[in-house]
2 protein chains.
Amino acid sequence: MRVSGKRRSQKERSAETSARLMNATIDLLHDQGLARTTTPEIARMAGVSRGALTHHFAGREAIISASVADMLGKAARDLHRFAEDFMARGGSSDEIVDYAWRMMDDRLFYVTMEYLPEARHNPAFRADLIPTVKEFHAGLDAVWTALAARAGTDPDHTRTVMNATMCLVRGMISQTVLRPNDPAYYEGLLGFWKQQVRQHFPMKPAAALTGRRKTATA
Amino acid sequence: MRVSGKRRSQKERSAETSARLMNATIDLLHDQGLARTTTPEIARMAGVSRGALTHHFAGREAIISASVADMLGKAARDLHRFAEDFMARGGSSDEIVDYAWRMMDDRLFYVTMEYLPEARHNPAFRADLIPTVKEFHAGLDAVWTALAARAGTDPDHTRTVMNATMCLVRGMISQTVLRPNDPAYYEGLLGFWKQQVRQHFPMKPAAALTGRRKTATA
DNA sequence: ACTTACAAACAGTCAAGCCTGTTTTTTGAA
DNA sequence: TTCAAAAAACAGGCTTGACTGTTTGTAAGT
């Protein structure tokens, strides 16, 4: 009965160490940048030896790639949960824009900005990442499609609107780096965009169903 | 071996060497990435010795910072020229969206993606870059304002629309790295966006003297 | 016993900054 | 005008430091 974790199986040890290393990698990518995300630093931040890292991952690229996949998987699951709740209670399209901003601003796109340049120049790394990102995009598309079904809008058009929203947010976040201390600018852009999105989201006051759970899971 | 047998002044030699080094730096940033943009590589690509580089620039960060400033200055001047021509002949708002895309896609934002992460983590580098970027943004704003005056639209609102356009394009270009071979996706987004922008640009045919482009009403 | 999980030292590589030497241009006084 | 000293523009080597991949050693789990 290892309730307090005195004796752990090898699988458990391995899984936790891997998780600690991947979390440390994402933390480091966000806080220090890819260039400063060295294997000694990752190991140090994860509280394990560098030998442990080399045991679990083939090398620097491998652990970064795995960590990114882990991060995107979590983000996709979070978005999915948000969409479930959103559709259950019938929120406003403004919320979606706000969620997109918060999701990307909450480290996701800052971390992305770290590895995108490397992916652009390193074919092996890029090849590793493309399937991961494709799956993430598929997850997004599924959510947008469900949203369209819920709102009764054209799925293709809805996906375009939401993808544009994501791109807008990406561009805005990239600006925050060298255009800091200008909240009015970003508020203005988000406000403008919410107004635009509303036009494409009649978002019928389905709030009448508030309180009812899953209506139809296409 | 002298180009035309003439003696060149020190200012000329210095200016040309600096320009060669800065151009090589941007080329390298775009083609190889920031991490691979080393001072030996820059010198080799510029066809000068590393000593020449250290003579003209205080160090690696300094030459990169100077090169970026040079690049942004050129881009701002190009945009200004485009706007002059655009206003003289009275183009469609679609053209502006297309120009924004072309400008950013033509290395500008790919190079930006290289140094943004470094700027985010290196306070000195960021402090060096912020004034440069602020000036670039001021140049953009001036163009948008002139455009608003020409179109008879509200300057503030026009700036918001155009800044949103820039952000959208930034986000789209960042996607191209890990979402390649999907021209329909980008075409779709740009087409959708042009449609949105048209709503905010009556773009009165006031001076529509010259042959107008496609202005399909969707 | 045998494998897995980890620890730690090792070796090769390479860029950044520094420093010294060499060539080209400018300066200023005879 | 001449021409040598000063200054600027370059060339190239040396040192240090840090990171990656690898290998060897050890304890824990099955």
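Residue numbers start from 1 in every chain, and the chains themselves are labelled A, B, ... in the order their sequence lines are given, proteins ahead of strands.
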Starting at [atom1] of [X] and ending at [atom2] of [N], how long is that distance when rounded to a whole Å?
X	N	atom1	atom2	value
B:Leu28	C:dA15	CG	P	11 Å
A:Gln32	D:dC19	CD	C1'	16 Å
B:Asn122	C:dA16	CG	P	13 Å
B:Glu41	C:dA15	CD	P	8 Å
A:Ile42	D:dT20	CD1	C1'	12 Å

Given side chains that start at C-beta, do those of [X] and [Y] come closer than 4.5 Å, heavy atoms only?
X	Y	result
A:His200	B:Gln196	yes
B:Ile42	B:Ile63	yes
A:Leu108	A:Phe136	yes

What pairs of donor and acceptor atoms, side-chain ones from residues 171-180 of chain B against any protein atom, are under 3.5 angstrom apart with sequence neighbours left out?
residue	atom	partner	partner atom	Å
B:Ser174	OG	B:Gly171	O	2.7
B:Gln175	OE1	B:Tyr185	OH	2.6
B:Gln175	NE2	A:His137	NE2	3.1
B:Thr176	OG1	B:Tyr110	OH	2.8
B:Thr176	OG1	B:Ile173	O	2.6
B:Arg179	NE	B:Asp182	OD2	3.1
B:Arg179	NH2	B:Asp182	OD2	3.3

Quiz item: Given D:dG29, is OP1 or OP2 found less than 4.0 Å from the side-chain N or O atoms of A:Ser9?
Solution: no
Quiz prompt | Whether over 12 other heavy atoms sit under 6.0 Å from A:Glu135 CD | solution = no
Practice problem: Could you grab the distance from atom CD1 of A:Ile64 to atom CG of A:Leu29, nearest 0.5 Å is fine? | Solution: 5.5 Å
Give each protein N/O atom lying under 3.5 Å from an N/O atom of nucleotides 3-6 of chain D, with the pair distance.
none

N/O donor-acceptor pair under 3.5 Å between [X] side chain and [Y] backbone:
X	Y	value
B:Asp70	B:Ala66	no
B:Asp106	B:Arg102	no
B:Glu95	B:Ser92	yes
A:Asn23	A:Ala19	yes

May I have the list of side-chain donor-acceptor pairs in residues 45-56 of chain A shorter than 3.5 Å, sequence neighbours left out?
residue	atom	partner	partner atom	Å
A:Ser49	OG	A:Gly51	N	3.3
A:Ser49	OG	A:Ala52	N	3.2
A:Arg50	NH1	A:Thr39	OG1	2.8
A:Thr54	OG1	A:Gly51	O	2.8
A:His56	ND1	A:Ser18	OG	3.4

Quiz item: In residues 46-65 of chain A, which residues come under 4.0 Å of DNA chain D by heavy atom?
Solution: A:Arg50, A:Thr54, A:Gly59, A:Arg60
Exercise. Apply the side-chain hydrogen bond (donor to acceptor under 3.5 Å, both in side chains) test between A:His121 and each candidate in B:His30, B:Glu114, B:Gln32, B:Arg36; give the one that qualifies.
Key: B:Glu114
Quiz prompt | End axis versus end axis in the helix from C:dA1-D:dT30 to C:dA30-D:dT1, the angle rounded to 10°, five pairs used at each terminus | solution = 0°
Quiz item: Do any of residues 13-24 of chain A sit with a heavy atom less than 4.0 Å from DNA chain C, and if so which?
Solution: A:Arg13, A:Ser14, A:Thr17
Quiz prompt | Minimal non-hydrogen separation, A:Thr165 against A:Ala100, with atom names | solution = CG2-CB, 4.2 Å
